Each structure stands twice: as structure tokens, then as C-alpha cells.
There are 2 protein chains.
Amino acid sequence: MTTTTKLSTSRRIEAALTEEIAAGELAPGTRLDEVSLATRFNASRTPVREALGRLTAQGILVQGEKRGAFVAEYSREELSQIFEAMHEIEAACARIAAQRLNFLSKTDIEIAQAACIAAAEAGDREAYLRANEAFHTAIYKATGNPYMAEIAAEFRQRTGPFRAKKFATKEDLIESAKSHQDLINDIFSEDSTQASTGMRDHMATSFLQALKAN
Amino acid sequence: MTTTTKLSTSRRIEAALTEEIAAGELAPGTRLDEVSLATRFNASRTPVREALGRLTAQGILVQGEKRGAFVAEYSREELSQIFEAMHEIEAACARIAAQRLNFLSKTDIEIAQAACIAAAEAGDREAYLRANEAFHTAIYKATGNPYMAEIAAEFRQRTGPFRAKKFATKEDLIESAKSHQDLINDIFSEDSTQASTGMRDHMATSFLQALKAN
DNA sequence: GAACGTTATTTTGTATACAATAGGAAAAGT
DNA sequence: ACTTTTCCTATTGTATACAAAATAACGTTC
């Protein structure tokens, strides 16, 4: 279900590049040449530059002065820092969500989790990745705070290429879904401290799986 | 002490606008016309657009489709959400800083706090604002995590125009400095939970002062 | 043969020109 | 008098053209 909204040229390019980078087609370190992209998208350099600028602002690309744009590439140290930041932000989301929980947001989370379980039991890795994304997005939404949600989503995007190899086996999927369940219990307790601790735990197991794959 | 680094045109414009918005010269809701800015900065629309784009990415401006750029303006509800997010991020910084504290970062924080106390006792509001900024920046730095530090700084920038009227009286300054001291104790305890709680407390008193001013 | 300096080429940053759309003003109809 | 519609103007989005700077290539000199 790809939303077929009419986008401006620069937005279209931005979305396409985001997609390709997330999918791993454009590996970290790849140089993005403006003219090549312009010809590829049947556009001029101007919208290409706008798209590259926005992607840089999101941390998906890095752009040196007069040095061109590259798909962001991180050292072990930097990756560790980015994941640490992501963990903290996710924990903050869980914390706020626990405070502001209501029937609707609880239902959203439960529905997403049901999809996770289904995908895990089916051993469908692709489906699980999507369902997992939706699960976390449901938590972001449950904060009732779009600003918090945006940062969280941004970090998730940003770490996408480095989580791509996660969930190698069916057991990984099931373990992840189980971890979700614990997390749900912590959030639904409406105890903000427990919720943030629970999220930290979940992110830790998730991070371990990502490491296993590399 | 304005750093006289040679900047590209678009960076210069970005910096100038950031400055003016932070200083309150460009009030929230103000429309920023591209051609006016271009003539004002003796430049073409191209670098102006790049600057506006980056400022939008930072949340300092809002840009509607074909609707131009405006200095971000928030409802009570939205402001509350932004401050909530800021509080959580600052708390996360305090948490990480407490875990990773070392002699250097402790010293940085103490130096910044000394400046805060001096400014508070002198009743110098402008100096205190700068010192307070430096104090929080020292904590960001103490996380050892530039990504976390960047988000925190971004939110601080973003809320700048809405914290501008804070610290009306000398007593406010002294109260704030006292609150800093409590926070330092919490962070220096190297207990991450206590540190984040302490930061939340500090931000709460800070937020109260901001509200008083409006 | 290696290192350095100079020149060419490629690529980014900026300027200008053109196209398209949104918002408003004026006119027509009820 | 008020609403609706049409046209115009102002402003953004995109394309192309030009300038400046960085990297690569080459030749010269030690």
C-alpha cells in the first residue's frame, strides 16, 4: 500500500533515496553525484540538491563542504553512540506513553503486536520487520507527542541500514516478539519508570541481535 | 567573541537568521520572503532557499507547500509537547552523563556553574542566560555522545524564542543557580536514575519560570 | 625514479531565467 | 449586500547558466 500522493519533484527524489538507502541498495559510504541523480530522475540539479540537503539534515547522508554527499557511514564507536541515543529516546517514548495511555493507543499497540506474533510464528522475516516497525510507531503515537515521535522515527530511519541484517532465524523473531510482550506489560502498568526500563531492556536484546548479524 | 570563520553564503544567511530569531527580532509567525532576504543579504534566492530549508529541518521555521516560510509559532498545546520532549531529552543527557562522568567533564560543568553563580549574584541577566546555556552544553558534552548532544542543542535552540522572557528578577537567577547545584549533586552521584530525575526537577522549575513570564 | 608544482577536468556553490500554483482583487450573478 | 467566479499578481518550485574550488592528471625538476 504505497500512498500515491502527488509529490513535488524534490520530495519524490527524497523519498526514493530514503527508500533505497533503507533497503540497503545504496550502501553506507556510497557517493551520491548530483548530476547523475538529476539525469536519473529526469530533473535538474536544484531539486536534487534540496533532497540531499534534507536527507543530510536527517543524518541519513553526510555532506562535506564542497566535498559532495555520501550515504552516512559510521565507525563502531559512532554506531554505538547512535544506538545509545536511540535507546534513550525510545525509553523516553515508553515513559511518556505509559503516562498517557488510553484505550485507543492500547488497542493500536496490541494490534501491532498481534501482527508481530503472526509474522514470527509464520517465520516471515520481511513481514516481521514491517510489523516491528509498526509496533514501535504505535508506541511513538501513544506518547501523544508528535515532536517526540518525530525524533524517534528519525533515529529509526537513521539506524535502518545497520539493523537490516537482523533477525536471521525464526527463533530470533519469536524471541523479539516475546520481548515485545514484556515491554507491553511494562508500559500498560502505567508506571513510567518501569516502562522506560522495559524499553531499555527490549532495545538491549534487539541490539544484541543486530550485533550477532555482523 | 564571534568566531570569524569564513562561511559560505548560505551558511552565513542561516547563521544570521538563527541569531535574529533567537534574539526575538524575528517573532514567531513572521513570514520570511525569499526575494527580500536575497536582496537583504546581497545574494540570490538559491542560497536563501538552502538556508530556509535547513532552518525548517531544525524546526525553527515551518514551510508549507507553495506557502512560504514562517518563523515557527506554536499553540499552548504544541509548546507543552515541545517542552515535554526537551525535558525528556535533557533527562536522558543527564542520565548518560552520570554514567560516563570523568574529571574533565566534571570540571567543565563546575566551571560553567561558577559562571552561573557569578552572574546570578551580579544580577546580570544577559550573562546568566549565556552561562546557563554553557552549563547545559557542558552536560551535553559530558554524555560523550555527540548525537545526543546535537538533539538536545537543537531543542534548546528551538525553544529559545519561548524562553526569552525568563529570569525576570534577580531572585529568579539565584533560584535557578541553586537548582543547578542540586542537579550537579545528582549527576555527580553517578547514579543515572537520580541524575535523570534531578534533571527533570530542574527543568520543571525552569519551565515554571518561563510560564511566570508569560 | 620520486616528489613537487602546474594545469585540466570534474563537481559543487551561486546566480538568473522560466514555469506553475496559490492567494487575492475585481466583476458578475443572486 | 453578499456570494461566487474569474482573472491577475505575487511567490514558490524547477531549470539552466556561470563561477569557484577541489581532485586528478600530467609534466618537470631534483
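Source: prediction; values computed, not measured. Side chains included, hydrogens not; waters and symmetry mates left out as well; all remaining heavy atoms used. Lettering follows sequence order; numbering is per chain, from 1.
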- Item | Of residues 39-59 of chain B, the positions that come close to DNA chain D - non-hydrogen atoms, cut-off under 4.0 Å | R45(B), R49(B)
- Query: For DNA chain D, which residues in residues 29-38 of chain B have a heavy atom at a distance below 4.0 Å?
  - Reply: R31(B), D33(B), E34(B)
Nearest whole Å is fine: how far is [N] [atom2] from [X] [atom1]?
X	N	atom1	atom2	value
E65(B)	dA20(C)	CD	P	16 Å
L7(B)	dA21(D)	CG	P	14 Å
E14(A)	dT14(D)	CD	P	12 Å

- Task: Show your working on salt bridge (charged side-chain N to carboxylate O under 4.0 Å, His left out) between E84(B) and R100(A) and close with a plain yes or no.
- Result: CA-CA 13 Å; E84(B) 177 178 62; R100(A) 206 159 293 155; 2.5 Å; yes
- Query: Looking at S10(A), does any N or O in its side chain come under 4.0 Å of the phosphate oxygens OP1/OP2 on dT14(D)?
  - Reply: yes
- Donor-acceptor pair under 3.5 Å, K66(A) side chain vs dT12(C) base: yes
- Are R11(B) and E14(B) close enough for a salt bridge, meaning some N to O gap below 4.0 Å?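 Counted as a salt bridge, because a side-chain N and a carboxylate O are separated by less than 4.0 Å.
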- Task: Starting from the 5' end of DNA chain D, give me the residue, R67(A) or Q63(B), whose nearest nucleotide shows up first.
- Result: Q63(B)
- Message: Quick check for you: to the nearest 0.5 Å, what is the distance between M203(A) atom CE and S196(A) atom OG?
- Response: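 It comes to 13.0 Å.
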- Item | Separation of I60(A) CD1 from L52(A) CG (nearest 0.5 Å) | 11.5 Å
- Evaluate the side-chain proximity of D172(A) to Y128(A): yes if any heavy-atom separation is below 4.5 Å, no if none is.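 No, every pair of side-chain atoms sits at 4.5 Å or beyond.
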- Query: Does any non-hydrogen side-chain atom of F155(B) lie less than 4.5 Å from one of I82(B)?
  - Reply: yes
- Message: Would you call the rings of H202(A) and H136(A) parallel, tilted or perpendicular, taking 30° and 60° as the class edges?
- Response: parallel
- Message: Can you confirm whether more than 12 heavy atoms, excluding those of K106(B), are under 6.0 Å from its NZ atom?
- Response: yes
